[in-house]
Q: 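Please read through the structure below; I'll follow up with questions.
Model, not experiment: these values are computed from the prediction. Throughout, residue positions are numbered sequentially from 1 according to the sequence presented.
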Amino acid sequence: MGYLAGRLGLDVADFEEPVTGSLAHALTLASSTGSADAIGALRAALAAEGHESAVLRWQALWLLARAARLQGDHVAERADLDRLVALGDEVGSAELRVRGLTRLARCLRSLGEITPALDAAVAAHRLALGEDLGVEDRAAALLALVSVQAEAGQVPEARVHADELAALVAGRTDALWAEAMWTAAAVRVRQGDHTGAQAFLDAALERFSSQEDLVLWLRLRLAAGRLHLQTLPPDPARAEACAAQAEAALAFVGTPALRQDLTALKADLAFATGRYDDARALLGDLAGDEPRMTYRDRVRLEILRQQLLILGGDASGVEGLRTLAQQAQADANIDLAAEIWRTLADALAQSRPAPAEPA
């Protein structure tokens with residue numbers, strides 16, 4: 001190198017890759033700051049590189065997928081995760097393969113692609129058990145499996161795995177434990193066990209610290225708010241308290257996705273308390289934004305729109321709910337389809353005129 005540099009009139013350093021332009025440098029910045037500029041630089045560095053190790057590229061894609069998820073951009077997240085899963089297979093590490101499949105399953109569920117999500121979750125769970133991986137990897141695989149099974153209508157199977165998950169993380173109070181409690185609560189909601197669901201979610205609300213993960217802390221309160229509206233009878237006061245706590249936290253970790261989730265909860269709360277004009281206004285606010293919510297949450301908003309149409313005397317809302325239910329069934333979202341059919345039945349019963357009093 002010295003001889004060649006001398007013959008060319010250059011320094012040896014001129015042959016070396018600038019540190020500031022390397023994938024490793026971009027990865028360091030993105031890991032330490034997580035800013036939008038750092039994430040953009042990481043994506044550019046990954047696109048430009050051609051010789052970095054597969055493990056380094058895997059780590060870059062993991063950070064990029066996480067950043068996309070936090071922004072509610074599940075399409076971009078899915079593209080990064082598809083590449084990440086392929087790299088995990090190339091590296092041959094069981095841990096990397098399980099983590100990639102787990103995140104892919106959860107992303108596909110968010111997109112409403114339940115059948116491939118179930119395939120990825122089952123594969124991750126089997127691999128985690130077969131390779132006897134640690135608690136974190138096994139629990140993460142179970143989290144994905146339970147959520148997808150519940151969405152697919154496999155509620156009894158989801159309940160078995162949810163109980164297994166709860167036992168696996170017993171004694172912890174970290175983010176993994178909080179997500180497990182949330183997941184166990186969601187399964188019980190689908191079984192109509194709102195008391196049991198509330199117990200699991202209350203434990204997470206009380207014991208999980210905002211210092212551990214403020215985004216998860218906020219999302220737990222959004223989930224609790226929804227649960228208070230689903231119980232029989234609904235408890236709007238407690239739902240409103242959860243919404244207020246979540247809104248206060250948005251000042252520190254506000255993203256478009258979280259703001260939309262909070263606005264959607266407020267719309268549901270307005271509907272539950274008979275403030276229909278407020279609900280319509282909140283839905284109007286959401287309509288002007290690029291959607292950043294999951295498939296299920298977007299469908300829930302559409303359900304609310306159709307319910308408001310029916311209440312306003314517009315019969316097209318009935319057909320709108322029917323179309324939503326049929327589409328959910330076609331997409332293998334069996335649990336969501338059943339929820340929409342129940343909503344349609346309730347809406348029809350409430351809109352039917354009362355029988356005339358006998359003369």
Q: Ignoring hydrogens and geometry, is there a side-chain-to-backbone donor-acceptor pair from Thr273 to Ala270 under 3.5 Å?
A: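 Yes, because the side chain of Thr273 sits within donor-acceptor range (under 3.5 Å) of the backbone of Ala270.
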Q: Report yes or no: does Gln260 contribute a side-chain atom to a donor-acceptor pair with the main-chain N or O of Glu290 at less than 3.5 Å?
A: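 Such a contact is found between Gln260 side chain and Glu290 backbone.
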Q: Between Asn333 and Leu336, is there a donor-acceptor pair closer than 3.5 Å when you use the side chain of the first and the backbone of the second?
A: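 Side chain of Asn333 to backbone of Leu336: no pair is present.
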Q: Would you check if there is a donor-acceptor pair between the side chains of Ser316 and Asp314 at a distance under 3.5 Å?
A: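 Side-chain D/A pair, Asp314 to Ser316: present.
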Q: Can you list the other members of the hydrophobic cluster that holds Leu129, where links are side-chain heavy atoms under 4.5 angstrom apart?
A: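 Noted: Leu129 shares its cluster with no other residue.
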Q: Going hydrophobic residue to hydrophobic residue with side-chain gaps under 4.5 angstrom, can you get from Leu63 over to Leu56?
A: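 The answer is yes; both residues are in one hydrophobic cluster.
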Q: Check whether Leu262 and Leu220 end up in the same hydrophobic cluster, where Ile, Leu, Val, Met, Phe, Trp and Tyr are linked by side-chain heavy atoms less than 4.5 Å apart.
A: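 The answer is yes; both residues are in one hydrophobic cluster.
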Q: Could you walk me through whether Leu308 and Leu283 satisfy the side-chain contact (heavy atoms from CB on, under 4.5 Å) test, starting with their C-alpha distance in whole Å, then the side-chain angles of each, then the deciding distance to 0.1 Å, before giving a yes or no?
A: CA-CA 10 Å; Leu308 289 168; Leu283 289 179; 3.6 Å; yes
Q: With distance as the sole test, does Arg221 use its side chain to make a donor-acceptor pair with the main-chain N or O of Leu205 at under 3.5 Å?
A: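 Pair found, side chain donor or acceptor close to backbone of Leu205.
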Q: In sequence, state the C-alpha distance, the side-chain angles, and the governing distance for Asp277 and Arg280, and then conclude on side-chain contact (heavy atoms from CB on, under 4.5 Å).
A: CA-CA 5 Å; Asp277 287 341; Arg280 292 186 181 96; 3.2 Å; yes
Q: Using a strict cut-off of less than 4.0 Å between a Lys/Arg side-chain nitrogen and an Asp/Glu carboxylate oxygen, indicate whether Asp261 and Arg219 qualify as a salt bridge.
A: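 A salt bridge is absent here (no side-chain N lies under 4.0 Å from a carboxylate O).
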Q: Tell me, do Leu218 and Leu222 make a side-chain contact under 4.5 Å, heavy atoms counted?
A: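 When only atoms from C-beta onward are counted, Leu222 and Leu218 do touch, with a gap below 4.5 Å.
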Q: Is any side-chain heavy atom of Gln306 less than 4.5 Å from a side-chain heavy atom of Glu319?
A: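 A side-chain contact is absent here, since even the closest heavy-atom pair is not under 4.5 Å.
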Q: For atom CZ of Arg83, decide whether the heavy atoms of other residues, nucleotides or ligands shown that lie under 6.0 angstrom number more than 12.
A: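 No, CZ of Arg83 has 12 or fewer neighbouring heavy atoms, counting only those of other groups under 6.0 Å.
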Q: Of the options His161, Glu157, Arg159, which is the one that meets Gln149 in a side chain to side chain donor-acceptor pair (under 3.5 Å)?
A: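 Result: among His161, Glu157, Arg159, His161 is the only option passing the side chain to side chain donor-acceptor pair (under 3.5 Å) with Gln149.
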Q: Before giving the answer on side-chain contact (heavy atoms from CB on, under 4.5 Å), spell out for Arg66 and Arg103 the whole-Å C-alpha distance, their side-chain angles and the decisive distance to 0.1 Å.
A: CA-CA 9 Å; Arg66 179 181 181 274; Arg103 286 298 348 164; over 6 Å; no
Q: Contact between Leu286 and Leu282 at the side-chain level, heavy atoms closer than 4.5 Å - yes or no?
A: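 SC-SC contact between Leu286 and Leu282 ruled out.
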Q: Decide, yes or no, whether a salt bridge links Arg207 with Glu212 under the criterion of side-chain N to carboxylate O below 4.0 Å.
A: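 Salt bridge flag = no for Glu212 with Arg207.
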Q: Output all residues satisfying salt bridge (charged side-chain N to carboxylate O under 4.0 Å, His left out) with Asp278, sequence neighbours left out; order by chain, then residue number.
A: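 Result, salt bridge (charged side-chain N to carboxylate O under 4.0 Å, His left out) vs Asp278: Arg275.
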Q: Looking at Arg78 and Asp82, does any basic side-chain N land under 4.0 Å from a carboxylate oxygen?
A: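 Here Arg78 pairs with Asp82 in a salt bridge, since their nearest N and O are under 4.0 Å apart.
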Q: If you draw a 6.0 Å radius around CZ in Arg172, do more than 12 non-hydrogen atoms from other residues or ligands fall strictly inside?
A: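 Correct, the count exceeds 12.
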Q: On a heavy-atom basis, which atom in Thr183 and which in Val146 lie closest, and how many Å separate them?
A: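 Heavy-atom minimum between the residues: CG2-CG1, 3.3 Å.
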Q: Determine whether Trp182 and Leu142 fall in the same hydrophobic cluster, where Ile, Leu, Val, Met, Phe, Trp and Tyr are linked whenever their side-chain heavy atoms lie under 4.5 Å apart.
A: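 Trp182 and Leu142: one cluster.
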Q: Heavy atoms only: give me the nearest Leu101-Ala123 pair and the separation to one decimal.
A: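 Here Leu101 and Ala123 meet closest at CD1-CB, 4.1 Å.
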Q: Salt bridge (Lys or Arg N to Asp or Glu O under 4.0 Å) between Asp335 and Arg296: does it pass, once the steps are laid out?
A: CA-CA 10 Å; Asp335 181 76; Arg296 185 183 185 92; 3.1 Å; yes
Q: Between Arg226 and Val189, is there a side-chain heavy-atom distance shorter than 4.5 Å?
A: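 The answer is no; the side chains never approach within 4.5 Å.
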Q: Linking I/L/V/M/F/W/Y whenever their side-chain heavy atoms sit closer than 4.5 Å, directly or via other members, would Leu168 and Met181 fall into one cluster?
A: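 Yes, it is one cluster - the side chains of Leu168 and Met181 are joined through contacts under 4.5 Å.
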Q: Under 4.0 Å between a Lys/Arg side-chain N and an Asp/Glu carboxylate O for Arg99 and Glu136?
A: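 Salt bridge absent between Arg99 and Glu136.
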Q: Can you confirm whether more than 12 heavy atoms, excluding those of Glu240, are under 6.0 Å from its CD atom?
A: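 Count not over threshold, so no.
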Q: Would a 4.5 Å heavy-atom cut-off, applied to side chains only, mark Gln327 and Glu302 as touching?
A: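 They are not in side-chain contact.
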Q: Using a 3.5 Å distance criterion without hydrogens, assess whether the side chain of Arg298 forms a donor-acceptor pair with backbone atoms of Met293.
A: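 At least one qualifying donor-acceptor pair exists.
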Q: For Val98 and Ala128, work out which heavy atoms get closest and say how close.
A: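 Heavy-atom minimum between the residues: CG2-N, 3.8 Å.
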Q: Would you indicate whether the side-chain heavy atoms of Arg97 and Val85 approach each other to under 4.5 Å?
A: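 When only atoms from C-beta onward are counted, Arg97 and Val85 do not touch, as no gap falls below 4.5 Å.
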Q: With a 4.5 Å limit on heavy-atom distance, are the side chains of Arg43 and Asp80 in contact?
A: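 Heavy-atom side-chain distance check passes, below 4.5 Å.
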Q: Give the C-alpha distance, both sets of side-chain angles, the deciding distance and a yes or no for side-chain contact (heavy atoms from CB on, under 4.5 Å) between Glu247 and Leu265.
A: CA-CA 11 Å; Glu247 188 164 22; Leu265 174 58; over 6 Å; no
Q: Please report the closest heavy-atom contact between Leu84 and Gly100, naming both atoms and the distance.
A: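 Reported closest heavy-atom pair: CD2-CA, 3.3 Å.
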Q: So Asp297 and Arg292, salt bridge (Lys or Arg N to Asp or Glu O under 4.0 Å) or not? Walk me through it.
A: CA-CA 10 Å; Asp297 287 340; Arg292 294 287 185 176; over 6 Å; no
Q: Identify the two heavy atoms, one from Ala139 and one from Leu165, that lie closest to each other, and give their separation to 0.1 Å.
A: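 Where Ala139 meets Leu165 most closely, the heavy atoms are O-CD1, 3.6 Å.
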Q: Do the side chains of Leu87 and Leu27 join up, straight or via other hydrophobic residues, at under 4.5 Å, putting them in one cluster?
A: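 Hydrophobic grouping puts Leu87 with Leu27.
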Q: Indicate yes or no: at least one non-hydrogen side-chain atom of Trp341 is less than 4.5 angstrom from one of Gln326.
A: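 Yes, close enough: below the 4.5 Å cut-off.
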Q: Can you pull the ring pair (Phe, Tyr, Trp, His ring centres under 6.0 Å) pairs that have at least one residue in residues 224-269, sequence neighbours excluded?
A: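 For residues 224-269: none.
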